[in-house]
Amino acid sequence: MRIARFSIDGNVAFGAVEGDAAPGTGGGLVLDIIKGIPYGDFELSGTKVPLSKVRLLPPVLPNKVVAIGRNYAEHAAELGNEVPDVPVAFFKPTTSVIGSGDAIEYPTFSNELHHEAELAVVIGRMCREVPRERVKDVVFGYTCANDVTARDVQQREKQWARAKGFDTSCPLGPWVETDLDPGDLTIQCTVNGEQRQLGRTSDMIRSVEDLVVHITEAMTLLPGDVILTGTPAGVGPLNVGDEVAVTIEGIGTLTNKVIKRG
């Protein structure tokens, strides 16, 4: 099931996305409004609205986004890095999260902005110290993400907080797919229609199960929290005016335009 979060007439709600359309177009799709929030058991209201009549919001509002760096060997190599012995984890704040169709604001303190297409894991229940065999029980679903990075800032500052945590640096969407095997999915990124990244989640050094186990050894994850699983090779520059799209097999397309920070 595809679960979207949206606003209509000043109200915010969740809805189940029904119908088929070309990725990212929304044409012909409708939303069956969910009663309450979608974590755990929920009911569909039967009240339906066309997707074209609503504004899509970030599909979740995470308490925290835990991101993983250098989880694809070719990406590590393209930036001159070794594959780490353990997962490299960092945070992106909630203020960095935007939805599909929202603008990425080019930070004034950077001259080298990069796209990073990623599979995002959405947590569905509070969990800590999750054993590998229970990982599926705590995952709500999956969505597309773009770990937008100020590469020059990342390279000159030892911590990645500013380089990867600035406002609008974490686009998520367009919705969460709850029925998906993340083991071998095509993931790609285009800029102005030109393909930049193309990889498969099967190339991840550490799987979704590995990452959930590793992260929850240290911290409690809450419903709506997000794990970014790393990016394949092909990262590259974004400029003001560019339209960047992340497409993941079985989910859909996340699209954002880069604008000058006002």
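Index from 1, following the sequence.
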>> Between Leu29 and Val49, is there shared hydrophobic-cluster membership here, with clusters defined by ILVMFWY side-chain heavy atoms closer than 4.5 Å?
In response: yes
> Shared ILVMFWY cluster between Leu211 and Tyr72, side chains joined below 4.5 angstrom?
Replying inline: yes
> At what distance, to the nearest 0.5 angstrom, does CG of Leu119 lie from CG of Leu180?
Replying inline: 7.5 Å
> Any side-chain heavy-atom pair from Thr95 and Pro93 closer than 4.5 angstrom?
Replying inline: yes
>> Measuring from atom CD of Glu118 to atom OG1 of Thr143, what distance do you get when rounded to the nearest 0.5 angstrom?
In response: 12.5 Å
> Does atom CD of Gln195 have more than 12 heavy-atom neighbours, drawn from other residues, nucleotides or ligands, at distances under 6.0 Å?
Replying inline: yes
> Cut-off 3.5 Å, side chains only: do Lys164 and Thr149 have a donor facing an acceptor?
Replying inline: yes
> For the residue pair Gly124 and Tyr39, what are the closest heavy atoms and their distance?
Replying inline: O-CB, 3.8 Å
> Val226 and Ala120: which non-hydrogen atoms are nearest, and at how many Å?
Replying inline: CG1-CB, 3.9 Å
> Can Glu18 and Lys48 be counted as an ion pair, charged N to O under 4.0 angstrom?
Replying inline: yes
> Under 4.5 Å between any side-chain heavy atoms of Val83 and Ile205, yes or no?
Replying inline: yes
> Quick check: does any side chain N or O of Ser100 sit under 3.5 Å from a backbone N or O of Gly173, one acting as donor and the other as acceptor?
Replying inline: no
> What pairs meet the salt bridge (Lys or Arg N to Asp or Glu O under 4.0 Å) rule with one or both residues in residues 204-215, with sequence neighbours excluded?
Replying inline: Arg132-Asp210
>> Could you check whether any side-chain heavy atom of Ile68 comes within less than 4.5 Å of a side-chain heavy atom of Thr229, counting everything from C-beta outward?
In response: no
>> Between Thr186 and Arg200, do the side chains contain a donor N or O and an acceptor N or O under 3.5 Å apart?
In response: yes
> When rounded to the nearest 0.5 angstrom, what distance separates CD in Glu105 from CZ in Phe166?
Replying inline: 9.5 Å
>> Does Cys189 form a side-chain contact (heavy atoms from CB on, under 4.5 Å) with Val244? I'd like the steps, not just the answer.
In response: CA-CA 7 Å; Cys189 176; Val244 55; 3.6 Å; yes
> Quick one: does Asn146's side chain have a donor or acceptor within less than 3.5 Å of a partner on Glu116's backbone?
Replying inline: yes
> Within a reach of under 6.0 Å around CE of Met219, are more than 12 heavy atoms found that belong to other residues, nucleotides or ligands?
Replying inline: yes
> Same hydrophobic cluster for Val97 and Ile3, using side-chain heavy-atom links shorter than 4.5 Å among ILVMFWY?
Replying inline: yes
>> Can a donor-acceptor pair be found, under 3.5 Å and without considering hydrogens, that links the side chain of Ser45 to the backbone of Ile33?
In response: yes
> Are any side-chain N or O atoms of Thr201 and backbone N or O atoms of Asp184, one a donor and one an acceptor, separated by less than 3.5 Å?
Replying inline: yes
>> If you compare all heavy atoms of Ile187 against all heavy atoms of Pro232, which two are closest, and at what distance to 0.1 Å?
In response: CG2-CG, 3.9 Å
>> Would you say Ile251 ends up clustered with Ile227 if hydrophobic residues are merged whenever their side chains have heavy atoms under 4.5 Å apart, either directly or through other cluster members?
In response: yes
>> Determine whether a donor-acceptor pair (N or O, by modelled atom type, separation under 3.5 Å) exists between the side chain of Asp242 and the backbone of Val191.
In response: no
> How close do Ile37 and Phe42 get, heavy atom to heavy atom, and via which atoms?
Replying inline: O-CB, 3.9 Å
> Within the distance-only criterion (no hydrogens, no angle test), does the side chain of Asp179 pair as donor or acceptor with the backbone N or O of Met1 below 3.5 angstrom?
Replying inline: no
> Is a side-chain N or O of Thr94 found less than 3.5 angstrom from the main chain of Asn63, in a donor-acceptor match?
Replying inline: no
>> Check this for me, if you would: do Asp102 and Arg55 make a salt bridge, where the nitrogen-to-carboxylate-oxygen distance has to be below 4.0 angstrom?
In response: yes
> So do the side chains of Val12 and Phe6 get within less than 4.5 Å of each other, counting heavy atoms only?
Replying inline: no
>> Taking Gly234's backbone N and O only, do any of them form a donor-acceptor pair with Glu78's side chain (distance below 3.5 Å, no angle check)?
In response: yes
> Which heavy-atom pair separates Ile98 from Ala103 by the least distance, and what is that distance?
Replying inline: CD1-O, 3.5 Å
> Do side-chain atoms of Asp225 reach the backbone of Lys64 as a donor and acceptor pair under 3.5 angstrom?
Replying inline: yes
> Does CD belonging to Gln159 count more than 12 external heavy atoms closer than 6.0 Å?
Replying inline: no
>> Restricting to non-hydrogen atoms, name the atom on Pro171 and the atom on Leu254 that form the minimum distance, rounded to 0.1 Å.
In response: O-CD2, 3.4 Å
>> Please say yes or no: joined through hydrophobic side-chain contacts below 4.5 Å, possibly via intermediate residues, are Val139 and Ile215 part of one cluster?
In response: yes
>> Let's go through Gln188 and Ile248 carefully: what are the C-alpha distance in whole Å and the side-chain angles of both, what is the deciding distance for side-chain contact (heavy atoms from CB on, under 4.5 Å) to 0.1 Å, and is it a yes or a no?
In response: CA-CA 7 Å; Gln188 63 178 320; Ile248 299 179; over 6 Å; no
> For Glu157 and Arg162, what are the C-alpha separation, side-chain angles and deciding distance, and is it a salt bridge (Lys or Arg N to Asp or Glu O under 4.0 Å)?
Replying inline: CA-CA 9 Å; Glu157 296 182 2; Arg162 295 205 314 150; 2.7 Å; yes
> Picking from Val208, Leu221, Val135, Val176, what satisfies side chain to side chain contact (heavy atoms under 4.5 Å, CB included) with Val121?
Replying inline: Val208
>> Tell me if a side-chain donor or acceptor on Ser169 pairs with a main-chain N or O of Ser96 at a distance below 3.5 Å.
In response: no
>> For a 4.5 angstrom cut-off between non-hydrogen side-chain atoms, does Val138 reach Val212?
In response: yes
> In this structure, which one of His75, Arg70, Gln197 forms a side-chain hydrogen bond (donor to acceptor under 3.5 Å, both in side chains) with Thr231?
Replying inline: Gln197
> What residue pairs, at least two apart or across chains, pass ring-ring contact (aromatic ring centres under 6.0 Å, His included) with a residue in residues 81-117?
Replying inline: Phe90-Trp160
> Could you walk me through whether Val60 and Arg5 pass the side-chain contact (heavy atoms from CB on, under 4.5 Å) check?
Replying inline: CA-CA 7 Å; Val60 290; Arg5 181 172 164 269; over 6 Å; no
>> For the CZ atom of Phe14 and the CG atom of Leu31, what is their distance to the nearest 0.5 Å?
In response: 12.0 Å
> Quick one: does Val235's side chain get under 4.5 Å of Arg151's, heavy atoms only?
Replying inline: yes
>> I need the Leu238 CG to Leu113 CG distance, nearest 0.5 Å.
In response: 5.0 Å
>> Do Cys144 and Thr247 make a side-chain contact, defined as non-hydrogen atoms from C-beta onward lying under 4.5 Å apart?
In response: no
>> I'd like to know whether Val148 forms a side-chain contact (heavy atoms from CB on, under 4.5 Å) with Thr168, so could you lay out the CA-CA distance, the side-chain angles of the two residues, the decisive distance to 0.1 Å, and finally the verdict.
In response: CA-CA 8 Å; Val148 184; Thr168 74; over 6 Å; no
>> Check this for me: does any side-chain nitrogen of one of Lys257 and Glu243 sit under 4.0 Å from a carboxylate oxygen of the other?
In response: no
>> For the OG1 atom of Thr255 and the CG atom of Leu56, what is their distance to the nearest 0.5 Å?
In response: 10.5 Å
> Are there more than 12 heavy atoms of other residues, nucleotides or ligands under 6.0 Å from atom CZ of Arg261?
Replying inline: yes
